[in-house]
**Student:** 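Dumping the structure here so I can ask a few things about it.
Every heavy atom of this structure was used, including side-chain atoms; hydrogens, water molecules and symmetry mates were not.
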Amino acid sequence: MAKQAFQQWYWSDWFGDTNVARLDPASRCVWFELLGIMSQEGTFQVSDDVSSLARATRVRETVMEKALQKIAEKNVAQVIENNGVYTVISRRLERETISRQQKTERQRRWRDGQRDAGVDADVDVLETSKKHDTRARYSETYKEKYIKENPDVERLIAAEAEEIVNLHPRRSDHRASVRAVIDAVWREADRGIPPEAALRMLRSRTVAYAEAVREWPPGERRYIKGALAWYQNGCYADDPATWRQGKEAETPFSGNHEVVL
């Protein structure tokens, strides 16, 4: 879901939602703030620990804990807890995102058909830019089909992605890094590796990278790649021998060896 400059807001839907109306005022305000965060980050879910979520929504931790409980109880949103990390999913935004992705996929297939038929098709700037976005380099059609056949796989991937990011030696933007892991899983799945196998591979490669950089001299550890760039750029597919030898640290400013803190 791309970050939007603005978002349509229908007050009739907000006031007409009986589940939201059943929330206490504090929980309703927290839910409103969470929706704002999702809009700003261009996603349909927010994932973090209670302390971070409380800071992001500008409330006390006790208020956030109660709000998460009420939001789940009143069926306002889907709330998943895993090792102290809460993922809040807006079902409406998720449906809108899937619908938008399906529309994009239909447009892509139509353009491909037009191109194959020798007809020049108009390609808008947004779709062209997506082709260069590593987070979009997998087939949404395959993903949707796989999720339909395996309804629980999305929760499994989200939970595993949280754990994998926590194993990385340099964690910065947690939520974005988790999304990068999820995208990496679907990229690998699109290449023929089952999502479960892709998760195992990402976990083992992350552990191997963490163990390798632990042996680097203290002066070179500042060149350890940040988790977000590491997963987005597919660095997990590098030869593990280069991690052991510290070759990334030798040329930190060349090629793909970008220093991301």
**Student:** Please determine if Arg179 and Glu41 form a salt bridge, counting it only when a charged side-chain N lies under 4.0 Å from a carboxylate O.
**Tutor:** yes

**Student:** Quick one: does Tyr86's side chain get under 4.5 Å of Val79's, heavy atoms only?
**Tutor:** yes

**Student:** Tell me whether Ser52 contacts the main-chain N or O of Asp48 through its side chain, where contact means a donor paired with an acceptor under 3.5 Å.
**Tutor:** no

**Student:** Is the closest side-chain heavy-atom distance between Val153 and Ile147 below 4.5 Å?
**Tutor:** yes

**Student:** Can you tell me how far apart CD (Glu188) and OH (Tyr236) are? Round to the nearest 0.5 Å.
**Tutor:** 4.0 Å

**Student:** Among Val165, Leu228, Asp49, find the residue that satisfies the side-chain contact (heavy atoms from CB on, under 4.5 Å) test when tested with His174.
**Tutor:** Val165

**Student:** Looking at Lys225, is its backbone amide N or carbonyl O close enough to the side chain of Arg170 to form a donor-acceptor pair, meaning the two atoms are under 3.5 Å apart?
**Tutor:** no

**Student:** Does Arg58 have any salt bridge (charged side-chain N to carboxylate O under 4.0 Å, His left out) partners at least two apart in sequence or in another chain, and if so, which?
**Tutor:** Glu33

**Student:** Kindly say whether Pro195 contributes a backbone atom to a donor-acceptor pair with the side chain of Trp186 at under 3.5 angstrom?
**Tutor:** no

**Student:** Do Leu93 and Ile98 share a hydrophobic cluster (ILVMFWY, side-chain heavy atoms under 4.5 Å, transitive)?
**Tutor:** no

**Student:** In Å and rounded to the nearest 0.5 Å, what is the OG to CD1 distance from Ser47 to Ile89?
**Tutor:** 8.5 Å

**Student:** Hydrophobic cluster membership, with links at side-chain heavy-atom distances under 4.5 Å among I/L/V/M/F/W/Y: are Leu167 and Val185 in one?
**Tutor:** no

**Student:** Using modelled atom types and a 3.5 Å cut-off, is there a donor and acceptor pairing between side-chain atoms of Arg175 and backbone atoms of Val46?
**Tutor:** no

**Student:** How close do Arg171 and Asn166 get, heavy atom to heavy atom, and via which atoms?
**Tutor:** NH1-O, 2.9 Å

**Student:** If the threshold is 4.0 Å, N to carboxylate O, is there a salt bridge linking Arg92 and Glu96?
**Tutor:** yes

**Student:** If you compare all heavy atoms of Ala229 against all heavy atoms of Cys235, which two are closest, and at what distance to 0.1 Å?
**Tutor:** O-SG, 4.3 Å

**Student:** Work out which heavy atom in Ala158 is nearest to a heavy atom in Ile182; give both atom names and the distance.
**Tutor:** CA-CD1, 4.2 Å

**Student:** When rounded to the nearest 0.5 angstrom, what is the spacing between NZ in Lys66 and CG in Leu23?
**Tutor:** 10.5 Å

**Student:** Can you tell me if Glu81 uses its side chain to pair, donor with acceptor, with the backbone of Gly84 under 3.5 Å?
**Tutor:** yes

**Student:** Is the side chain of Asn82 donor-acceptor paired with the backbone N or O of Val85 at a distance under 3.5 Å, no angle test?
**Tutor:** no

**Student:** Strictly distance-based, threshold 3.5 Å: is any side-chain N or O of Arg203 a donor or acceptor partner for the main-chain N or O of Ile164?
**Tutor:** no

**Student:** May I ask whether Leu156 and Met201 are part of the same hydrophobic cluster, defined by side-chain heavy atoms of I, L, V, M, F, W, Y residues being less than 4.5 angstrom apart, directly or through others?
**Tutor:** yes

**Student:** Let me confirm one number: the OG1-CH2 distance from Thr57 to Trp31, rounded to the nearest 0.5 Å.
**Tutor:** 12.5 Å

**Student:** Is any side-chain heavy atom of Arg60 closer than 4.5 Å to a side-chain heavy atom of Glu65?
**Tutor:** no

**Student:** Check whether more than 12 heavy atoms from other residues, nucleotides or ligands sit under 6.0 Å from atom CZ of Arg22, and answer yes or no.
**Tutor:** yes

**Student:** Evaluate Arg200 against Ser204 for side-chain contact (heavy atoms from CB on, under 4.5 Å), listing each step before the verdict.
**Tutor:** CA-CA 6 Å; Arg200 290 195 296 270; Ser204 65; over 6 Å; no

**Student:** Determine whether Trp243 and Arg205 make a side-chain contact, defined as any pair of heavy atoms from C-beta on separated by less than 4.5 Å.
**Tutor:** yes

**Student:** Between the main-chain N or O of Leu202 and the side-chain N or O of Thr206, is there a donor-acceptor pair closer than 3.5 Å?
**Tutor:** yes

**Student:** Do Met64 and Ile80 share a hydrophobic cluster, counting only Ile, Leu, Val, Met, Phe, Trp and Tyr and linking them when any side-chain heavy atoms are less than 4.5 Å apart?
**Tutor:** yes

**Student:** Specify the closest pair of heavy atoms between Pro169 and Ile224, including all atoms of both residues, with the distance to one decimal.
**Tutor:** CG-CG2, 3.9 Å

**Student:** Mind checking whether Arg91 and Asn75 have side chains closer than 4.5 Å, heavy atoms only?
**Tutor:** yes

**Student:** Of all heavy-atom pairs between Arg28 and Ala21, which one has the smallest distance, and what is that distance?
**Tutor:** NH2-O, 3.4 Å

**Student:** Flag yes if Val20 and Leu35 sit in one hydrophobic cluster, no otherwise; membership is Ile, Leu, Val, Met, Phe, Trp, Tyr, and two members link when side-chain heavy atoms are under 4.5 Å apart.
**Tutor:** yes

**Student:** Let me see the working for Asp239 and Thr242 under side chain to side chain donor-acceptor pair (under 3.5 Å), right down to the final yes or no.
**Tutor:** CA-CA 6 Å; Asp239 182 358; Thr242 63; 5.8 Å; no

**Student:** Taking side chain as C-beta onward, heavy atoms only, is Ser90 less than 4.5 Å from Gln45?
**Tutor:** no

**Student:** Give the intermediate values and the outcome of side-chain contact (heavy atoms from CB on, under 4.5 Å) for residues Gln78 and Val88.
**Tutor:** CA-CA 6 Å; Gln78 185 177 5; Val88 184; over 6 Å; no

**Student:** Within this structure, what is the OH-NE2 distance for the pair Tyr209 and His168, rounded to the nearest 0.5 Å?
**Tutor:** 5.5 Å

**Student:** May I ask you to test the Glu154-Glu94 pair for a side-chain heavy-atom distance under 4.5 Å?
**Tutor:** yes

**Student:** Hey, could you give me the CD1/CD distance between Ile157 and Glu196, rounded to the nearest 0.5 Å?
**Tutor:** 7.0 Å

**Student:** Looking at every non-hydrogen atom in both residues, tell me the closest pair between Gly234 and Arg187 and how far apart they are.
**Tutor:** N-NH2, 4.5 Å

**Student:** Please check if the side chain of Asp17 supplies one atom and the backbone of Asn19 the other of a donor-acceptor pair under 3.5 Å.
**Tutor:** yes

**Student:** Would you say the side-chain atoms of Arg221 pair up with the backbone N or O of Arg214, donor to acceptor, closer than 3.5 Å?
**Tutor:** yes

**Student:** In sequence, state the C-alpha distance, the side-chain angles, and the governing distance for Phe32 and Trp14, and then conclude on ring-ring contact (aromatic ring centres under 6.0 Å, His included).
**Tutor:** CA-CA 10 Å; Phe32 188 86; Trp14 173 258; 5.6 Å; yes

**Student:** Ile71 versus Leu34: any side-chain heavy-atom pair under 4.5 Å?
**Tutor:** yes

